[in-house]
Number of protein chains: 2
Amino acid sequence: MPATPRARPEKSTLSLEAIVATTLDLVSEVGYEAVSMRRVAKALETGPASLYVYVQDRRELMALAHDLAIARVVLPDDSDGDWRERLELLVDRVVVALSRRGDIASVGLVDVPTGPHTLRVTEEVLRLLRLGGIDDAACAWAADLLAQYISSSALEIAARLRAQRELERSAGSERATEAAMTAAFSARLDTVYRSVSPEEHPTIHALAPLLTGGGGDRASWKLRVIIDGLLAQRSP
Amino acid sequence: MPATPRARPEKSTLSLEAIVATTLDLVSEVGYEAVSMRRVAKALETGPASLYVYVQDRRELMALAHDLAIARVVLPDDSDGDWRERLELLVDRVVVALSRRGDIASVGLVDVPTGPHTLRVTEEVLRLLRLGGIDDAACAWAADLLAQYISSSALEIAARLRAQRELERSAGSERATEAAMTAAFSARLDTVYRSVSPEEHPTIHALAPLLTGGGGDRASWKLRVIIDGLLAQRSP
DNA sequence: ACCTGAACACCGTTCAAGT
DNA sequence: ACCTGAACACCGTTCAAGT
């Protein structure tokens, strides 16, 4: 029972571009850990060995997917304000771009990405920091600190988005219990902190409601702390 | 050809403690990714299924190993100075404890650890921040930021230690080329930044020598930035 | 009750052999 | 030259069957 010729698109020739785009799409759907070379190959209707013609190993493929995820980030321009406003806007755009693609940001915690789009962003971050009058050495280290901030914030937001999406996906269905459990998973931390012994850990106990909340405020607050901390180094 | 009774220690009864300790030792030796349930089981002279009597899954086992890694961290006391000095000392002790155990700190980037020793440290971090007059909400978020700092700094130091150890291990041997390559791996980033186009990425090009150096200074500098940034939030 | 052999359903990567 | 089937040496986890 052969499929109609146009039942699915012609099997296009393999290309690095197609492999990387497919990888990123899969990560968005099923997550970084679950995307294997074999799964990418299957999605492209080929065998896993074929991928190795274009890519050294899984690590390299994931690095390329990570770089692709930020490819469309637009650099702020003069109309976006002074160096600090532009820096905050740029960092936020990268976080948003990454968090839209599942947990692809994990790559940035495992590896230091050096793809062309990452370099483009890094160049602009360094340029803006210098515009702000930050020391050269401080610029270098600050870029590192900001990169960490970007990866971890993107992961945090991605986790929230995922929990929310799964809650909605099963709202009203008979799978509501499962959905509640997924939501509970994202609240696991909250439960741990709230159930800590008030005698042994009085401060955790007292601050429990604050330790897991915050949402977007939390991320932008962290960014403000980092930049204010940078500025404090400016005058010796 | 049966082994002499005392050729190796009696096969001790399996216990959670022994499993976690063995896991941490293996991570120290061969790294987080390379430690599989099967490898832990083999080190304990049993089959992988036996581990599941004591532990839910690999994630939980790694979380327990991570917690064990900071078990011996001693909290600073009154003689160690004011809240800020004590906080810096505590954070540094955790970083050192983790970085001695290979890349076990990876666990802290994937998961939010909540073992007893992690809670003990978190409690003290929060208490010290409050002593410093930081807002409750800011304390909560700062603890998060510091936890990120700890994990990533420990990983960075562990990578440096590993490169150094491997360089020494093969010094003078006929494997010197391989050792040089390992060292080169840790310098890969440096190479990337130094070979970037000066027209396309002038700032990266200019700062290249600063982007990968720093060592321990870099880490303590980051910590200072975070705390200074926190203090800047104190007065509205 | 505690433990585990064997199986299930996967991995990343290599390489000889195909077109 | 480009591609890939088949194999190698592994995975995490489960469960029926042992003691």
Exercise for the section: Find which nucleotide of DNA chain C each of Ala49(A) and Ala49(B) is nearest to by heavy atoms, and output the residue with the more 5' nucleotide. Expected result: Ala49(B)
Exercise for the section: Could you work out which one of dT4(D), dT13(C), dC3(C) sits closest to the side chain of Arg38(A)? Expected result: dT13(C)
Fill in the blank from the handout: Among the nucleotides dG12(D), dT13(C), dT4(D), whichever has the atom closest to the side chain of Met37(B) is dG12(D)
Exercise for the section: Apply the test side-chain contact (heavy atoms from CB on, under 4.5 Å) to residues Leu207(A) and Tyr193(A): give CA-CA distance (whole Å), side-chain angles for both, the deciding distance (0.1 Å), then the verdict. Expected result: CA-CA 9 Å; Leu207(A) 300 186; Tyr193(A) 290 138; over 6 Å; no
Handout entry: Any side-chain donor near an acceptor of the partner, Thr203(B) and Arg127(A), under 3.5 Å
Key = no
Practice task
Identify whether NZ of Lys or CZ of Arg in Arg59(A) sits under 6.0 Å from the centre of the six-membered ring of Tyr32(A) and within 45° of that ring's axis.
Solution key: no
Taking [atom1] from [X] and [atom2] from [N], how many angstroms apart are they, rounded to a whole number?
X	N	atom1	atom2	answer
Glu33(A)	dC11(D)	CD	P	16 Å
Arg39(B)	dC10(D)	CZ	C1'	11 Å
Leu16(B)	dC3(C)	CG	P	12 Å

Exercise for the section: Look through every strand shown and name the nucleotide pairing with dG12(C) as Watson-Crick or G-U wobble, where both distances are under 3.5 Å. Expected result: dC8(D)
Handout entry: Watson-Crick/G-U partner (both atom distances under 3.5 Å) of dT19(D)
Key = dA1(C)
Handout entry: Whole-angstrom distance between dA9(D) and dA9(C), as gauged at atom P
Key = 23 Å
Handout entry: Short side-chain N/O contact from Ser50(B) to OP1 or OP2 of dC3(C), under 4.0 Å
Key = no
